[in-house]
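Single-structure report; data block below.
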Protein chains: 2
Amino acid sequence: MTATVTVDIVAFALQGDQLQVLLVQRKFEPFAGRWALPGGFVLQDEGLDEAAHRELLEETGVQGYLEQLYSFGRPGRDPRGQVVTIAYLALLDHVPTPTADTDAADSRWFPVKSRPELGFDHQEIIDYAVERLRNKFEYTAASFSLLPARFMLSDLQRAYEAVLERPLDKRNFRKKMLSLDILVATGALQQRGISRPGELYEFSAEKFATLRSKGLAF
Amino acid sequence: MTATVTVDIVAFALQGDQLQVLLVQRKFEPFAGRWALPGGFVLQDEGLDEAAHRELLEETGVQGYLEQLYSFGRPGRDPRGQVVTIAYLALLDHVPTPTADTDAADSRWFPVKSRPELGFDHQEIIDYAVERLRNKFEYTAASFSLLPARFMLSDLQRAYEAVLERPLDKRNFRKKMLSLDILVATGALQQRGISRPGELYEFSAEKFATLRSKGLAF
DNA sequence: ACAAAAGTGTTCGATATACACCCATGT
DNA sequence: ACATGGGTGTATATCGAACACTTTTGT
């Protein structure tokens, strides 16, 4: 009748054209040596979101966008007994170097598409997180948390393409993004390799709040 | 480090033009005498969905559509200590008479719009459930679980209007529903009061599965 | 001159919205 | 005949999809 409650974090970040997920290699049983999601026990007098923030901070040293995903409690999912985990989705605007963790042998970012076999039911949790992220990208303006403060429109498009795993038409994409009226041109240019420099944009927090109130942004 | 885990059920059903929610009056402390969501502890070796189904069955005597909503674990949300609750959304196709429950003084259906003050953080949970239900109605074909097997198009429209709390245009509504291609006309007619009888429709399970695979139905 | 990525408009089909009258039945 | 709710079509606006060439820069 009393179960243990953990939080597990599915942290995503973009590296080049690939969506990456943060995994830790377990030092102890169960699943010692196996890769798994970062996470841990919810402490006494700690809220769920609070625990998730703490775990994310412990593993990466950074804060990021966090949202609760789903709770998993199938009997037998943890060999130690009845453990219910509250899974969280985290979005980071860069790929931080993972922090050394006392009960992890190692921790690394893996491309979502080529991740190792995981312990517990963590494959299922990541699949669920990827699906949620795709939905957020399809229906809302969720991309911002995965990008730095200033970015080119082509970066934004690459973010969408990495998440949706499908090419997008450049002209339609730009038209749509600009029509949402949440981007502001900074006037600054950035050059990437040997080609024409592109304009840097920022997200407008105010415009964004308007969208959010209409349910079109996270 | 070990918390207690409960499930709470937000069970909705339609009565006339009103969306109703099932509440129980608590017999014991905390919040004795107050209305609250039906729910209870997750048992040893019981999955979360399983616990939710059991609780729903215990309170209503019926099964229904169930989906996990969100987990709530704010410290202090339950005076007895660290209690994390996994909230579930239940949709029933009629308003069953609540089952007598040993630790409830009473249980009743209330219109969502005029419900009593609730114990714990259950107001918040219901608000969340209503929002989720609206989203499901806006973006998917979720209405079916709230209706009997056969219904008139006007019943379907009433269901949407009750949930969305906004009038819909009859012609556009019918056109859209029929174009989704998940309704089959039975040929049978039904009369409601003194007026022209209307045709009864059913949902097509096969067509429905197609929609579902495209993410357009639950 | 060429390679590489940035930038730019128009057409077409599909979908959502607005809107008003006739029909079948019971009293 | 009238009250009640069932049933029907068209015109317009909006949104997403398809599609190709020019510009700026570095080598």
Side-chain angles (χ1 to χ4, degrees), chain A residues 14 16-17 134-135 137-141 143 147-148 150-202 211 214-217, chain B residues 14 16-17 134-135 137-141 143 147-148 150-162 164 166-202 211 214-217:
Chain A
L14 289 171
D17 291 0
R134 290 221 176 101
N135 285 336
F137 268 64
E138 295 274 8
Y139 300 124
T140 74
S143 46
L147 289 174
R150 295 178 152 211
F151 49 87
M152 290 192 293
L153 286 180
S154 57
D155 296 325
L156 189 57
Q157 184 173 345
R158 251 191 303 281
Y160 273 84
E161 290 176 333
V163 169
L164 300 179
E165 289 184 17
R166 125 170 95 85
L168 299 173
D169 179 84
K170 186 165 41 157
R171 282 169 293 185
N172 291 338
F173 180 81
R174 288 168 169 253
K175 204 187 323 158
K176 175 147 181 223
M177 282 299 148
L178 293 173
S179 77
L180 286 176
D181 203 32
I182 48 175
L183 296 178
V184 278
T186 61
L189 297 181
Q190 185 181 61
Q191 197 172 356
R192 172 105 75 239
I194 44 161
S195 84
R196 173 174 174 178
E199 178 144 30
L200 288 173
Y201 286 80
E202 290 175 343
L211 260 198
K214 294 184 202 147
L216 294 172
Chain B
L14 290 170
D17 292 358
R134 291 221 175 102
N135 285 335
F137 268 65
E138 294 274 9
Y139 301 123
T140 75
S143 45
L147 289 174
R150 297 179 151 210
F151 48 87
M152 290 192 292
L153 286 179
S154 56
D155 296 326
L156 190 57
Q157 183 173 346
R158 250 191 303 279
Y160 272 84
E161 291 177 332
L164 300 179
R166 127 170 93 85
L168 300 172
D169 180 85
K170 185 166 40 158
R171 281 169 294 184
N172 292 338
F173 180 81
R174 289 167 170 253
K175 205 186 322 160
K176 174 147 183 222
M177 282 299 147
L178 293 173
S179 76
L180 286 177
D181 203 33
I182 48 174
L183 295 179
V184 278
T186 61
L189 297 181
Q190 186 182 61
Q191 198 172 353
R192 174 104 76 236
I194 45 161
S195 84
R196 174 174 172 178
E199 179 144 30
L200 288 172
Y201 285 80
E202 289 176 343
L211 261 197
K214 294 184 202 145
L216 295 172

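Computed from heavy atoms alone, side chains included, the values below leave out hydrogens, waters and symmetry copies. Each chain gets a letter, A, B and so on, in the order the sequences are listed, and its residues count up from 1. Owing to the predicted nature of the structure, the values given are computational and were not obtained by experimental measurement.
Counting to the nearest Å, the C1' atom of C:dA5 and the CD atom of A:Q191 are 10 Å from each other. Atom C1' of nucleotide C:dT17 and atom NZ of B:K170 are separated by 17 Å, given to the nearest angstrom. Atom CG of B:L200 is separated from atom C1' of D:dG6 by 12 Å (rounded to the nearest Å). If you measure from atom CZ of B:F173 to atom C1' of C:dC19, you get 18 Å, rounded to the nearest angstrom. At whole-Å resolution of the value, CE in A:M177 and P in C:dA6 are 16 Å apart. Protein atom CG of A:L168 is 13 Å distant from nucleotide atom P of D:dG16, rounded to whole Å. Following rounding to the nearest Å, B:L178 (CG) and C:dT15 (P) show an atom-to-atom distance of 15 Å.
For A:R192, the side-chain hydrogen bond (donor to acceptor under 3.5 Å, both in side chains) partners are A:D155, A:Q190, not counting sequence neighbours. For A:R196, there are no salt bridge (Lys or Arg N to Asp or Glu O under 4.0 Å) partners at least two apart in sequence or on another chain. With sequence neighbours excluded, the residues forming a side-chain hydrogen bond (donor to acceptor under 3.5 Å, both in side chains) with B:E161 are B:Q157, listed by chain and number. Looking at residues two or more places apart in sequence or on another chain, you find a ring pair (Phe, Tyr, Trp, His ring centres under 6.0 Å) between B:F151 and B:F203. Every residue was checked against the side-chain hydrogen bond (donor to acceptor under 3.5 Å, both in side chains) condition with A:R174, not counting sequence neighbours, and none meets it. The side-chain contact (heavy atoms from CB on, under 4.5 Å) check on A:Q191 picks up A:P197, with sequence neighbours excluded. A:Y201 meets the ring pair (Phe, Tyr, Trp, His ring centres under 6.0 Å) test with no other residue; sequence neighbours excluded. When the salt bridge (Lys or Arg N to Asp or Glu O under 4.0 Å) test is applied to B:E138, the partners found at least two apart in sequence or on another chain are B:R166.
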Report, one pair per line, the protein and nucleotides 9-11 of chain D atoms (nitrogen or oxygen only) whose separation is under 3.5 Å.
{"residue": "D:dT10", "atom": "O4", "partner": "B:K175", "partner atom": "NZ", "Å": "3.0"}

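Checked by distance alone, B:K176 brings no side-chain donor or acceptor within 3.5 Å of a matching partner on the base of C:dA16.
Residue pairs meeting the side chain to side chain donor-acceptor pair (under 3.5 Å) criterion with at least one partner in residues 175-188 of chain A, sequence neighbours excluded, are A:N172-A:K175.
Distances from the side chain of B:R174 to the nucleotides D:dT25, C:dT8, D:dT8 place D:dT8 closest.
In this structure, B:G187 and B:E199 approach most closely via the heavy-atom pair N-OE2, 3.0 Å.
Side-chain contact between B:E202 and B:L183: absent, with no pair of heavy atoms (C-beta onward) separated by less than 4.5 Å.
If you check residues 192-199 of chain B against DNA chain D, the residues with a heavy atom closer than 4.0 Å are B:I194, B:S195, B:R196, B:P197, B:G198, B:E199, listed by number. Near-neighbour residues of DNA chain C inside residues 150-166 of chain A, defined by a heavy atom below 4.0 Å, number-ordered: A:M152, A:S154.
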